[in-house]
**Q** 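Could you have a look at this structure, given as structure tokens, before my questions?
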Amino acid sequence: MNIISKLSSKNLFVFNLVFIGVIFGFSLAFLSFSCTTPSARGVRAQESQVIIPENAIAMAEHMQVVMRGVTDRVLPSVVQVTTVSVRQGQQQNPSFPNIPGIPWEFFFGPNQGGPNAPGQPPGQNFRSQGLGSGLIVRYIDGLYFVLTNNHVIEGAAEIRVSLLDGNEYVAELVGAEPRRDLAMLSFRANSAYPLAVLGDSDEVSVGDFAIAMGNPLGRQFSFSVTKGIISAVGRTGGPGQNINDFIQTDAPINQGNSGGPLVNIRGEVIGINTWIASPGGGGGNVGLGFAIPINNAKRLIDEFIANGYISSGWLGVSLMEPSREMAALMGLGNRRGALAAQVFMGSPANNGGISPGDFITHVNGREVLGVNQLTMLVGDLRPGELATFSIVRDGVEMSIQVLIQERTNEIASDSRNLWPGVLVVPLTDQIRGALNLDEDAGGLHVVQVVSGSPADIVGLRQGDRITSVNGEDVNDILAYYRLLREATSEELWFSIVRGESSLETLRFRR
């Protein structure tokens, strides 16, 4: 007899009920386990099956070691430059970037130039602080010399430098060169600090690694290191009258990085971080940073230390870069260089035989890439040096030797000696259309008259049209410069058209 037959009907009912409940509970448990447990258990238990190749890890770690080595080599020679300027009158609150979490009053103190600082009454002196970077490049008898940008320390009444070890020192201005935007500071210290190793910026190529160091946006971010590549070389422009040919990099550079080093993968300084380009002039980093090539600064370092100032060579020309159309009309082809549009009377250029209209292509055998580079090359020449200039005149190449003089602001800005003191361009179809001139209208269009120059004194004005020189028609730019060059008399006569119908003759005296 089986066990079920031995149970009473009541007990059988209870047994069946319990048995069905057990089966139902087991089924629910099984379904729940099968639907949820495997995936959840797999996420917790499984490890990533992606295998990183050991050789790739070794290469990455090697690069990491290199970056650490570059940082350890260079960063101790970087300084933070803090300046205080004192000005009189109503304080103008400077424009600082609105960066959440940056307490500007902490950096500058109350009423010291933060974005919310109230102005002080007129007639009172007020102090404003500035921040930049610099680089230790020389050490002589307990005195450390720091290279930085001129705009970092310009107008400063007090200068202090801070080092990576936390020490701070009072610094003195040794010398400054605004046209190169470079300056030299010095400070005394008993502690030993390493000197930066200066590389060769002429060897820099697009695509090279670039590492920027400095103190962006204030003390909170001091001694920062960023990495990128060299984006371009030979860039021109920038703020002010800077005559450098810049290295462009996408290594992040921000306000406060000015004066800090741009470094190659060997830990050699290849540039001095100077300015950034950003949409709308907001000053934020968008990957367009520019550094002064270190080779532009090497001579200045020695001269700053020796003399406290920079002696620059002076040629005595006013330069311009002709348009492609104008270059074609002058027979220049694809040559690179700069046009000596005007010449200072009595200058080295004038004495050596360079005339208005000469196109300068080389200085001592070095190719001229544009106006900025020619200005820089001439500035690097020593006063008293006999330099060779390769020029193109009327389509003919020739060489002229010029005895260089020392440049001073007085002689370089004395426009009374600038001959003839006017910039002209050929009449193109575009210019004729803009001036509503007939298609057969001749002459040359005056685009600039230098204030105080002979052209200004006799009454020549921007917008005039020069139709003849000494009675000879000038319908092309080569004829104009030829007549200026060949004129033997002390006086010249310019026939001009001003407006629609007026015709005047202006007499120049050299």
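Side chains included, hydrogens not; waters and symmetry mates left out as well; all remaining heavy atoms used.
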**Q** Start with the C-alpha distance between Met184 and Arg138, add both sets of side-chain angles, then the distance that settles side chain to side chain contact (heavy atoms under 4.5 Å, CB included), and finish with yes or no.
**A** CA-CA 10 Å; Met184 180 72 73; Arg138 291 286 191 277; 5.8 Å; no
**Q** Nearest 0.5 angstrom please: Leu182 CG to Leu300 CG, how far?
**A** 6.0 Å
**Q** I need the full list of salt bridge (charged side-chain N to carboxylate O under 4.0 Å, His left out) pairs touching residues 434-445, with sequence neighbours left out, sorted by first then second residue.
**A** none
**Q** Say you draw a straight line from CZ of Arg465 to CG of Leu427; how long is it, rounded to the nearest 0.5 Å?
**A** 6.0 Å
**Q** Tabulate below the donor-acceptor pairs under 3.5 Å that side-chain atoms of residues 450-461 make, not counting sequence neighbours, or state none.
**A**
unit_1	atom_1	unit_2	atom_2	d
Ser453	OG	Gly421	O	3.3
Ser453	OG	Val450	O	2.6
Ser453	OG	Asp456	N	3.4
Asp456	OD1	Arg461	NH1	3.4
Asp456	OD2	Gly452	N	2.8

**Q** Once rounded to the nearest 0.5 Å, what's the spacing between atom CE of Met376 and atom CG of Asp245?
**A** 3.5 Å
**Q** Which residue pairs satisfy the ring pair (Phe, Tyr, Trp, His ring centres under 6.0 Å) criterion with at least one member in residues 304-342, sequence neighbours excluded?
**A** Trp314-Phe344
**Q** Could you tabulate the donor-acceptor pairs under 3.5 Å formed by side-chain atoms of residues 227-240, not counting sequence neighbours?
**A**
unit_1	atom_1	unit_2	atom_2	d
Ser231	OG	Asp250	N	3.4
Arg235	NE	Gln248	OE1	2.7
Arg235	NH2	Gln248	OE1	3.3

**Q** Of all residues at least two apart in sequence or in a different chain, which pass the side-chain hydrogen bond (donor to acceptor under 3.5 Å, both in side chains) check with Asn436?
**A** none
**Q** Looking at Asp414 and Glu410, would you say the former's side chain and the latter's main chain have a donor-acceptor pair under 3.5 Å?
**A** no
**Q** Which heavy atom of Ile159 sits nearest a heavy atom of Leu173, and at what distance?
**A** CD1-CB, 4.5 Å
**Q** Run the side chain to side chain contact (heavy atoms under 4.5 Å, CB included) check on Val474 and Ile466 step by step: do they pass?
**A** CA-CA 7 Å; Val474 287; Ile466 300 174; 4.1 Å; yes
**Q** Would Leu423 and Val446 satisfy side chain to side chain contact (heavy atoms under 4.5 Å, CB included), going step by step from the backbone distance to the final call?
**A** CA-CA 6 Å; Leu423 290 179; Val446 175; over 6 Å; no
**Q** With Arg432, which residues qualify under side-chain hydrogen bond (donor to acceptor under 3.5 Å, both in side chains), at least two apart?
**A**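 With sequence neighbours excluded, Arg432 shows a side-chain hydrogen bond (donor to acceptor under 3.5 Å, both in side chains) to no residue whatsoever.
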**Q** Before you tell me yes or no, could you show the steps for Leu381 and Leu315 under side chain to side chain contact (heavy atoms under 4.5 Å, CB included), namely the whole-Å CA-CA distance, both residues' side-chain angles and the distance that decides it to 0.1 Å?
**A** CA-CA 10 Å; Leu381 297 174; Leu315 179 61; over 6 Å; no
**Q** Quick one: which residue pairs count as a side chain to side chain donor-acceptor pair (under 3.5 Å) with a foot in residues 328-338, not counting sequence neighbours?
**A** Arg335-Glu397
**Q** Any side-chain to backbone donor/acceptor pair from Asn150 onto Glu177? Under 3.5 Å, distance only.
**A** no
**Q** What residues form a side-chain hydrogen bond (donor to acceptor under 3.5 Å, both in side chains) with Glu472, not counting sequence neighbours?
**A**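 Arg482.
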**Q** Would you say Arg188's side chain and Val170's backbone share a donor-acceptor pair under 3.5 angstrom?
**A**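 No, Arg188 side chain to Val170 backbone: no donor-acceptor pair under 3.5 Å.
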**Q** Measure the CD1-CD1 distance between Ile391 and Ile354 for me, rounded to the nearest 0.5 Å.
**A** 6.5 Å
**Q** The criterion is side-chain hydrogen bond (donor to acceptor under 3.5 Å, both in side chains); which residues satisfy it with Ser312, sequence neighbours excluded?
**A**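 None.
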**Q** Short question: side chain of Asn350, backbone of Gly353 - any donor-acceptor pair under 3.5 Å?
**A**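 Between the backbone of Gly353 and the side chain of Asn350 there is no qualifying donor-acceptor contact (under 3.5 Å).
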**Q** Which heavy atom of Thr226 sits nearest to which heavy atom of Pro252, and what is that distance?
**A** OG1-O, 2.8 Å
**Q** Is there a donor-acceptor pair closer than 3.5 Å between any side-chain N or O of Asn475 and the backbone N or O of Gly443?
**A**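 Flag set: sc Asn475 to bb Gly443 pair under 3.5 Å.
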**Q** Any idea which heavy atoms bring Glu203 and Asp208 closest together, and the distance?
**A** O-OD2, 4.2 Å
**Q** Whether the side chain of Thr249 engages the backbone of Gly289 through a donor-acceptor N/O pair (distance < 3.5 Å, no angle test) should be reported.
**A** no
**Q** Would you name the heavy atoms of Pro420 and Leu484 that are closest together and state the gap between them?
**A**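 Taking every non-hydrogen atom into account, CG-CD1, 4.1 Å.
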**Q** Measure the shortest side-chain to side-chain distance between Arg127 and Glu158 over non-hydrogen atoms and say whether it is less than 4.5 angstrom.
**A** yes
**Q** Any donor and acceptor pair, going by atom type alone, linking the side chain of Tyr144 with main-chain N or O of Tyr193 inside 3.5 Å?
**A** yes
**Q** Which pairs count as salt bridge (charged side-chain N to carboxylate O under 4.0 Å, His left out) when at least one residue sits in residues 350-373, sequence neighbours excluded?
**A**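 Only Asp358-Arg393 qualify under salt bridge (charged side-chain N to carboxylate O under 4.0 Å, His left out).
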**Q** Going by atom type alone, with no hydrogens or angles, which donor-acceptor pairs under 3.5 Å involve a side-chain atom of residues 400-409 and a protein atom two or more places apart or on another chain?
**A**
unit_1	atom_1	unit_2	atom_2	d
Arg407	NH1	Asn409	OD1	3.2
Thr408	OG1	Ile411	N	3.3

**Q** Examine distances only and state if a side-chain atom of Asp476 and a backbone atom of Leu478 form a donor-acceptor pair shorter than 3.5 Å.
**A** yes
**Q** Hey, does the side chain of Asn364 reach the backbone of Thr388 with a donor-acceptor pair shorter than 3.5 angstrom?
**A**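 Looks like yes, one N/O pair under 3.5 Å.
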**Q** If I take atom OG1 from residue Thr83 and atom CD from residue Gln129, how far apart are they, to the nearest 0.5 angstrom?
**A**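 Output value for this atom pair is 7.5 Å.
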**Q** What pair of heavy atoms forms the shortest contact from Leu319 to Ala338, and how long is it?
**A** CD2-CB, 4.3 Å
**Q** For Glu321 and Gly370, which heavy atoms make the closest approach, and how far apart are they?
**A**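 Closest pair (atom of Glu321, atom of Gly370, distance): OE2-CA, 3.5 Å.
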**Q** Taking salt bridge (charged side-chain N to carboxylate O under 4.0 Å, His left out) as the cut-off, I'd like each qualifying pair that reaches into residues 378-392, sequence neighbours left out, listed once.
**A**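 Residue pairs with at least one partner in residues 378-392: Arg180-Asp380, Arg299-Asp380, Glu303-Arg382.
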**Q** Return yes if some donor-acceptor pair links the side-chain N/O of Arg73 with the main-chain N/O of Arg266 below 3.5 Å, else return no.
**A**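 Yes.
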**Q** Are Val79 and Ile136 packed together at the side-chain level, in the sense that at least one heavy-atom pair is separated by less than 4.5 angstrom?
**A**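 In short, these two side chains touch, coming nearer than 4.5 Å.
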**Q** For a side chain to side chain contact (heavy atoms under 4.5 Å, CB included) with Met213, tell me which candidate from Ile253, Val269, Val225 qualifies.
**A** Val225
**Q** Could you point out which residue of Tyr139, Phe145, Tyr169 forms a ring pair (Phe, Tyr, Trp, His ring centres under 6.0 Å) with Phe187?
**A** Tyr169
**Q** Could you give the distance from OG (Ser133) to CZ (Phe223), rounded to the nearest 0.5 Å?
**A**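 With rounding to 0.5 Å, OG (Ser133) is 8.0 Å from CZ (Phe223).
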**Q** Consider only side-chain N and O atoms of Asn244 and Asn372, and report whether a donor and an acceptor are under 3.5 Å apart.
**A**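 Result is no, nothing qualifies.
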